[in-house]
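Report on the structure given below.
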Amino acid sequence: SYYQIRHHFQCQQRAKDMNKPLPSLQDWEFMRQTYTRLVDNPNQNQPWTDDVVPPTLGYSLVPSVPVPPPYYAKRSPGKGRGLFASRLISKGELVHDGQASDVIFPNAMMFREFLFSLPR
């Protein structure tokens with residue numbers, strides 16, 4: 001259940017941890033490989049496979065244009081992790097649409113299997 005997952009990963013304690021690191025490139029690669037191994041349809045090309053922007057910098061909004069998004073992740077003193085603008089963002093500008101970075105799990109059990117395959 002939801003509460004079992006939160007307990008297993010110690011989510012309540014981790015949410016208060018202002019020193020937890022940002023995921024490294026190795027962390028992202030591990031999560032991608034785990035997703036591919038457990039969930040991915042081998043005949044389906046995932047949007048991230050051809051993106052030259054490393055996942056630690058975001059992803060390309062337009063797959064054929066290798067430009068990172070107008071924000072970046074970093075630590076904020078006393079606040080923890082957050083996203084910060086890397087340039088001026090125009091009113092109404094699309095900065096995330098989910099299509100190039102979000103993954104889909106066909107059912108709840110696949111999502112659960114993926115989560116429990118990750119290290120704590």
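Because the structure is a prediction, the values reported are computed rather than measured.
Residue Q12 places its CD atom among 12 or fewer non-hydrogen atoms of other residues, nucleotides or ligands, all under 6.0 Å distant.
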Expected list for residues 76-84: side-chain donor-acceptor pairs under 3.5 angstrom, two or more places apart:
unit_1: R81; atom_1: NH1; unit_2: P21; atom_2: O; d: 3.0

Side-chain polar contacts of residues 107-119 - donor-acceptor pairs under 3.5 angstrom, sequence neighbours left out - could you list them?
unit_1: N107; atom_1: OD1; unit_2: M109; atom_2: N; d: 3.1
unit_1: N107; atom_1: OD1; unit_2: M110; atom_2: N; d: 2.8
unit_1: R112; atom_1: NH2; unit_2: Q4; atom_2: OE1; d: 3.2
unit_1: S117; atom_1: OG; unit_2: E113; atom_2: O; d: 2.7

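Nearest approach of V39 to P106, heavy atoms of both residues: CG1-CD, 3.6 Å. Nearest heavy atoms, P69 versus V95: CB-O, 4.3 Å.
Contacts of R37 classified as salt bridge (Lys or Arg N to Asp or Glu O under 4.0 Å), with partners at least two apart in sequence or in another chain: none.
One hydrophobic cluster, built from ILVMFWY side chains closer than 4.5 Å, holds both M31 and I5.
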